[in-house]
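A short worksheet on the structure shown next.
Positions are given from 1 along the sequence. Each ligand, and each atom within it, is numbered from 1 in the order the structure gives.
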Amino acid sequence: MKNILVIGSTGQIGSELTMKLRGLYPQGNVVAGYISGAEPKGELLESGPSALVDITNPGQIADAVDRYKIDTIYNLAALLSAVAEVKPQLAWKIGLGGLFNTLEVAREKGCAVFTPSSIGSFGNSTPHTKTPQDTIQRPETMYGVTKVSGELLSDYYAKRFGVDTRSVRFPGLISYVAPPGGGTTDYAVDIYYYAVNGETFKCPLKPGTLMDMMYMPDALRAAVEIMEADPSRLKHRNSFNITSMSFDPEEIYAKIREYVPDFKMEYELDPLRQKIADSWPDSLDDSCAREEWGWKPEYDLDAMTRDMLKNLRIKLNKDK
Ligand code: AKB
């Protein structure tokens, strides 16, 4: 990777991934692609070039690729699961239409492409425990439909046209930097804000709802490592199961209470999010990622909780 375009650079993953890439590669070579109304600000704006790149506009993608001699595209444009269920047409337009535009530009101009998939690519008929790498994928959400279709389309472009497409299936991502944005797993981000602010958290999912999760530093590292992996070792491409931990609301609540003993949580269920969460795996088997490109998470629930609380206290001025 020499010249990188991040599409969706101001979003939940993009804002942190762009800065990570600028720390690893010459920062002037990492272009922050943004849409109008979500322009980069502060460090993201000042630390490197940015370009207006609406993924639904193939001409804008091609112009940025030509102008900055891009060889690698990180495509992070998507609506998250709960929002995608409310706006399914827009979710398809961005998730699949946008991916098609990106792959076509990549085919014409010889770029590698990373497009994250998700645990949302699985559904009720998928084995829920230790979900295998290659298994049934029949999701019933628009988010899931775009993710499975995106995996297939990316593999098609790799086999048919030789485009170097690679991807991981992200679990729920937890970070103190970007605020949560319409996902099903976002309760596991929100809960830390309530703990640090000393407020009672109303959990939208019921006890026993297990889902895979990952701390953002591990997710960013995975996105870089899969693109740097030796292609001769890759038997899979789109997409690899990866995970760091699996927990339900009771387990994360108990873990936070080890460090914030007064913290209180109640249940106020959100039927849409509960239905989506129930259709997703309880735990993934990520052995293929471990074998084929050396994936290994660094953060478990305890290490993540300590780091989240420490950094959120600083961010929210509660560190006295
Ligand atoms: C969501 O909850 O929509 C995302 C995901 C697991 O893909 N965080």
Testing Thr115, Leu76, Leu99, Ile61 for side-chain contact (heavy atoms from CB on, under 4.5 Å) with Ile7, which one passes?
Ile61
For Thr184, the ligand 1 atoms whose distance to one of its heavy atoms is below 4.0 Å:
1 (C), 2 (O), 3 (O)
For Ser167 and Ser239, which I'm curious about, is there any donor-acceptor pair between the side chains at under 3.5 Å?
yes
Is Ser118 in polar range of ligand 1, meaning some N or O pair under 3.5 Å apart?
yes
Give me the one residue out of Tyr253, Tyr192, Tyr194 that meets ring-ring contact (aromatic ring centres under 6.0 Å, His included) with Phe263.
Tyr253
Within a distance under 4.0 Å of any heavy atom of Gly183, pick out the atoms of ligand 1 and give their elements.
1 (C), 2 (O), 3 (O)
When the ring planes of Phe240 and Trp293 are compared, do they come out parallel, tilted or perpendicular, using 30° and 60° as the limits?
perpendicular
For atom 3 (O) of ligand 1, the protein heavy atom that lies nearest, with its residue and separation:
Ser81 OG, 2.6 Å
N/O of Trp280 under 3.5 Å from N/O of ligand 1, yes or no?
no
Among protein heavy atoms, which sits nearest to atom 8 (N) of ligand 1, and what does the distance come to when rounded to 0.1 Å?
Thr185 OG1, 2.9 Å
Does a donor on one side chain and an acceptor on the other come within less than 3.5 Å for Thr141 and Glu85?
no
Can you name the nearest heavy-atom pair linking Thr18 to Ala32, along with the distance?
CG2-CB, 4.1 Å
So the atoms of ligand 1 within less than 4.0 Å of a heavy atom of Ile119 turn out to be 6 (C)
